[in-house]
Amino acid sequence: MEKIVGAVTVMSDADASEIWNIILSKFSPVTWDDIEEVEPDDIDLQMLKAIESDPDCHEFTKESDIHWE
C-alpha cells in the first residue's frame with residue numbers, strides 16, 4: 001500500500017485520477033449509490049460541530065499512524 005501511495009504522490013492529478021479509476025474498476029464494483037446513508041452518531045455530531053465552530057480544528061493523522069486493513 002505504501003508503494004501505491006508513494007507513486008500516486010508524485011503523479012500529476014490527471015495521472016493519479018486515471019490510476020484511481022483503474023483501481024476502482026478492477027477491485028471495487030461498489031459505487032457511492034450502493035453505500036447506505038446512516039444518521040450521524042454522537043461522535044460524528046461532535047466532530048461536525050467542531051469543524052463548524054472551531055477555526056483551529058485542523059488535526060491530521062500522520063500516514064505512519066494509519067493502520068490499513
Side-chain angles (χ1 to χ4, degrees):
M1 184 61 146
E2 289 180 32
K3 289 180 181 180
I4 294 172
V5 171
V8 171
T9 301
V10 297
M11 291 180 179
S12 68
D13 286 346
D15 289 342
S17 180
E18 187 173 340
I19 295 296
W20 180 246
N21 288 329
I22 291 169
I23 291 169
L24 287 179
S25 67
K26 176 139 179 93
F27 298 106
S28 180
V30 177
T31 67
W32 286 110
D33 294 332
D34 297 324
I35 300 172
E36 178 185 356
E37 186 172 332
V38 296
E39 292 296 318
D41 63 14
D42 289 338
I43 293 173
D44 296 328
L45 294 172
Q46 289 173 8
M47 289 189 299
L48 291 169
K49 183 177 180 182
I51 290 168
E52 292 174 356
S53 62
D54 184 356
D56 295 325
C57 183
H58 297 282
E59 186 173 321
F60 297 96
T61 303
K62 296 186 298 186
E63 183 178 343
S64 61
D65 292 340
I66 298 173
H67 302 282
W68 302 98
E69 293 183 23

Quiz prompt | Point-to-point distance, once rounded to the nearest 0.5 Å, from CH2 of W32 to CD1 of I35 | solution = 5.0 Å

Practice problem: Please check if the side chain of T9 supplies one atom and the backbone of V5 the other of a donor-acceptor pair under 3.5 Å. | Solution: yes

Exercise. Verify, without hydrogens or angle tests, whether N21 (side chain) and E18 (backbone) share a donor-acceptor contact under 3.5 angstrom.
Key: no

Quiz item: Rounded to the nearest 0.5 Å, how far apart are CG of D13 and CH2 of W20?
Solution: 14.5 Å

Quiz item: Hey, quick one: are V8 and I66 part of the same hydrophobic cluster, counting side-chain heavy atoms closer than 4.5 Å, chains of contacts allowed?
Solution: no

Practice problem: Might you confirm whether atom CG of D54 has over 12 heavy atoms from other residues, nucleotides or ligands at distances under 6.0 Å? | Solution: yes

